Visitor: 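Shown below is the structure under consideration.
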Amino acid sequence: MIDILTIGELLIDLTQTGVNGAGVPLFAANPGGAPANVAVAAARLGAKTAFSGKVGRDGFGRYLRSVLRENGVGDSGLREDAAPTTMAIVSVDGSGERDFQFVRGADCALKPEEVDTGAIREAKVLHFGSVSLTRGDARAATLFAAEKARESGVLVSYDPNYRAALWAGMEEAVEWMRRPLPLVDVIKLSEEEVPLLTDAADPEEGSRRLEEAGIPLVLITLGGDGVFCRWQGRTWRQPGIPVQVADTNGAGDTFLGAVLSRLCRRAGGPLEGLEAAELKDILAFANRAAAFTCSRSGAIPAMPVLEELFDGEGRMRLP
């Protein structure tokens, strides 16, 4: 049985690592893509995960498949396409904040008939993001997968990670980012994305509207300040972990992968009988995992393994 199946983009993050002596930016070809990041993060933290998506029949595509395998992520749902592997060019400023430019390719070409519905039925969680809703066959494939998960009683996780450059305009983005909401059980979004999804300006009201729309667990990330949570009508802010930031790329995906990995360990189901005290412990664990990722460069290469988070006596380590 699969704990977590993610569907969407697996791509190359051309991530700025600095500048040379002449001031020319230097880039590293890191593996990335938010749903793939979540799968790897959860696998490194002990979950059994798999990924479904498309890469090109090229060197980058072969490399990305090897990354999944090296990290224990099932790759039977990874298809290949004549289009080149998608790239995201990630520039990083002095504080570690990122700017994205995309060169789209194979990730857009996943078709509904290429989605492994058997793997969906075997999973405890299906996770996806909004990048695969931006265009092409992948839009239909992603919604098809979410619908099949809902029909099968599989928990549906959604990250509406807004990337302005991928949409024709704000109206299109809002329409399609909201389209999956009736299918969702867990949503992780940034504070800046709250108005796009809810027309509300603050996490308290925005999360209330998402709960009213039928989403039981709402997680709103607040950067270094941690996360705002709404669960069973209660809200609270879970503090972040102070860290010297090298690169924030992949931090939110690490956080969500950590949350899902812990939810999948629960007897009886990911959300069944979940109490606020237990959820607070899960969020504290996830914030710590994300802090480790922020302390290092890259997305997937920076993600921690379970042993890094605890000392020999089972106490949580600082990054």
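Computation of the quantities below employed the complete heavy-atom set of this structure, encompassing side-chain atoms and omitting hydrogens, waters and symmetry-equivalent molecules. Bear in mind the structure is a predicted one, so any value in this text is a computation, not a measurement.
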Visitor: With a 3.5 Å distance limit and no angle check, can you tell me whether Thr248 reaches the backbone of Cys294 through a side-chain donor-acceptor pair?
Guide: no
Visitor: Output yes when a side-chain donor or acceptor of Arg262 lies under 3.5 Å from a complementary backbone atom of Ala286, and no otherwise.
Guide: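 Flag not set: sc Arg262 to bb Ala286 has no pair under 3.5 Å.
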Visitor: Any non-hydrogen side-chain atom of Ile120 less than 4.5 Å from a side-chain atom of Glu151?
Guide: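 The answer is no, as the side chains (C-beta and beyond) never meet within the 4.5 Å cut-off.
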Visitor: Where do Ala43 and Thr49 come nearest, in terms of heavy atoms and distance?
Guide: CB-OG1, 3.6 Å
Visitor: Quick check against the 3.5 Å criterion: does Arg79 have a side-chain atom that pairs as donor or acceptor with the backbone of Glu114?
Guide: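 Such a contact is found between Arg79 side chain and Glu114 backbone.
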Visitor: Looking only at non-hydrogen atoms, find the nearest pair between Gly250 and Asn37 and report the distance.
Guide: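 Minimum heavy-atom separation between Gly250 and Asn37: CA-ND2, 4.4 Å.
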Visitor: Rounded at 0.5 Å granularity, tell me how far CZ in Arg288 sits from CG in Leu309.
Guide: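 Arg288 CZ to Leu309 CG: 8.0 Å, rounded to 0.5 Å.
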Visitor: Which is it for Leu143 and Trp176 under the side chain to side chain contact (heavy atoms under 4.5 Å, CB included) test, yes or no, and what are the steps along the way?
Guide: CA-CA 10 Å; Leu143 292 174; Trp176 285 100; 3.8 Å; yes
Visitor: If we ignore hydrogens and angles and just use 3.5 Å, is the side chain of Glu308 paired with the main-chain N or O of Val305 as donor and acceptor?
Guide: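 Yes, the answer is positive, given that a donor and an acceptor are paired below the 3.5 Å cut-off.
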Visitor: Out of curiosity, Arg65 CZ to Leu68 CG, how far, rounded to the nearest 0.5 Å?
Guide: 8.0 Å
Visitor: For Asp202, is there any backbone N or O sitting under 3.5 Å from a side-chain donor or acceptor partner on Glu205?
Guide: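 Judged by distance alone, no pair lies under 3.5 Å.
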Visitor: Using a distance-only test with no angle check, is there a side-chain donor-acceptor pair under 3.5 angstrom linking Arg104 and Thr134?
Guide: yes
Visitor: Treating Asp116 as the side-chain partner and Ala119 as the backbone partner, does any N or O pair qualify as donor plus acceptor under 3.5 Å?
Guide: yes
Visitor: Taking the six-membered ring of Trp231 (Phe, Tyr or Trp), confirm whether the NZ or CZ of Arg234 is under 6.0 Å from its centre and within 45° of its axis.
Guide: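 Verdict for Trp231: no cation-pi partner in Arg234.
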Visitor: Please answer whether the main-chain N or O of Thr117 pairs with a side-chain N or O of Lys148 as donor and acceptor at a distance below 3.5 Å.
Guide: no
Visitor: Could you check if a side-chain atom of Tyr162 sits within less than 4.5 angstrom of a side-chain atom of Met170, using non-hydrogen atoms only?
Guide: yes
Visitor: How long is the straight-line distance from CG of Asp159 back to NE2 of His127, given to the nearest 0.5 Å?
Guide: 5.5 Å
Visitor: Kindly compute the distance separating CG (Leu155) from NZ (Lys124), expressed to the nearest 0.5 Å.
Guide: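 Answer for the CG-NZ pair, Leu155 versus Lys124, is 11.5 Å.
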Visitor: Compare every heavy atom of Asn161 with every heavy atom of Gly129, then report the nearest pair and how far apart it is.
Guide: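 Here Gly129 and Asn161 meet closest at CA-OD1, 3.8 Å.
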Visitor: Look at atom CD of Glu212 and say whether more than 12 heavy atoms of other residues, nucleotides or ligands are closer to it than 6.0 Å.
Guide: yes
Visitor: Walk me through whether Val194 and Ile220 qualify under side chain to side chain contact (heavy atoms under 4.5 Å, CB included).
Guide: CA-CA 8 Å; Val194 171; Ile220 300 173; 3.7 Å; yes
Visitor: Using modelled atom types and a 3.5 Å cut-off, is there a donor and acceptor pairing between side-chain atoms of Asp58 and backbone atoms of Thr85?
Guide: yes
Visitor: How far does CZ of Arg57 sit from CG of Asp81, to the nearest 0.5 angstrom?
Guide: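 Going from the CZ atom of Arg57 to the CG atom of Asp81 covers 6.0 Å.
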Visitor: Rounded at 0.5 Å granularity, tell me how far CG in Leu45 sits from OG1 in Thr254.
Guide: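 Reported to 0.5 Å precision, the distance equals 8.0 Å.
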Visitor: What's the shortest heavy-atom distance between Cys229 and Leu219, and which atoms?
Guide: SG-CD2, 3.8 Å
Visitor: For Glu113, does the CD atom sit with more than 12 other heavy atoms under 6.0 Å from it, leaving out its own atoms?
Guide: yes
Visitor: Is NZ or CZ of Arg163 both nearer than 6.0 Å to the six-membered ring centre of Phe102 and within 45° of the ring axis?
Guide: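 Ring-cation test returns no.
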Visitor: Do Thr235 and Glu204 meet the criterion of a side-chain donor-acceptor pair at a distance under 3.5 Å?
Guide: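 Their side chains do contain a donor-acceptor pair, which is all the 3.5 Å distance test asks for.
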Visitor: Do you know the tightest heavy-atom contact between Ala39 and Ala50?
Guide: CB-O, 4.3 Å
Visitor: If you compare all heavy atoms of Ser157 against all heavy atoms of Leu260, which two are closest, and at what distance to 0.1 Å?
Guide: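 Answer, listing the atom of Ser157 first, then Leu260: OG-CD1, 3.8 Å.
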Visitor: Please check if atom NZ in Lys48 has more than 12 non-hydrogen atoms from other residues, nucleotides or ligands closer than 6.0 Å.
Guide: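 Not more than 12 within 6.0 Å, no.
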Visitor: So do Leu210 and Leu189 actually touch side chain to side chain, heavy atoms under 4.5 Å?
Guide: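 They are in side-chain contact.
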Visitor: Can Ser207 and Arg230 be said to form a side chain to side chain donor-acceptor pair (under 3.5 Å), step by step?
Guide: CA-CA 6 Å; Ser207 65; Arg230 179 178 286 272; 2.8 Å; yes
Visitor: With side chains defined as the heavy atoms from C-beta onward, is the minimum distance between Met177 and Leu133 less than 4.5 Å?
Guide: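 No, every pair of side-chain atoms sits at 4.5 Å or beyond.
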Visitor: Counting N and O atoms only, with roles assigned by atom type, does the side chain of Asp185 sit under 3.5 Å from a partner on the main chain of Val156, one being a donor and the other an acceptor?
Guide: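 Yes.
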Visitor: Is the shortest side-chain heavy-atom distance between Val55 and Phe60 below 4.5 Å?
Guide: no
Visitor: Is a side-chain N or O of Arg266 found less than 3.5 angstrom from the main chain of Glu272, in a donor-acceptor match?
Guide: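 Flag set: sc Arg266 to bb Glu272 pair under 3.5 Å.
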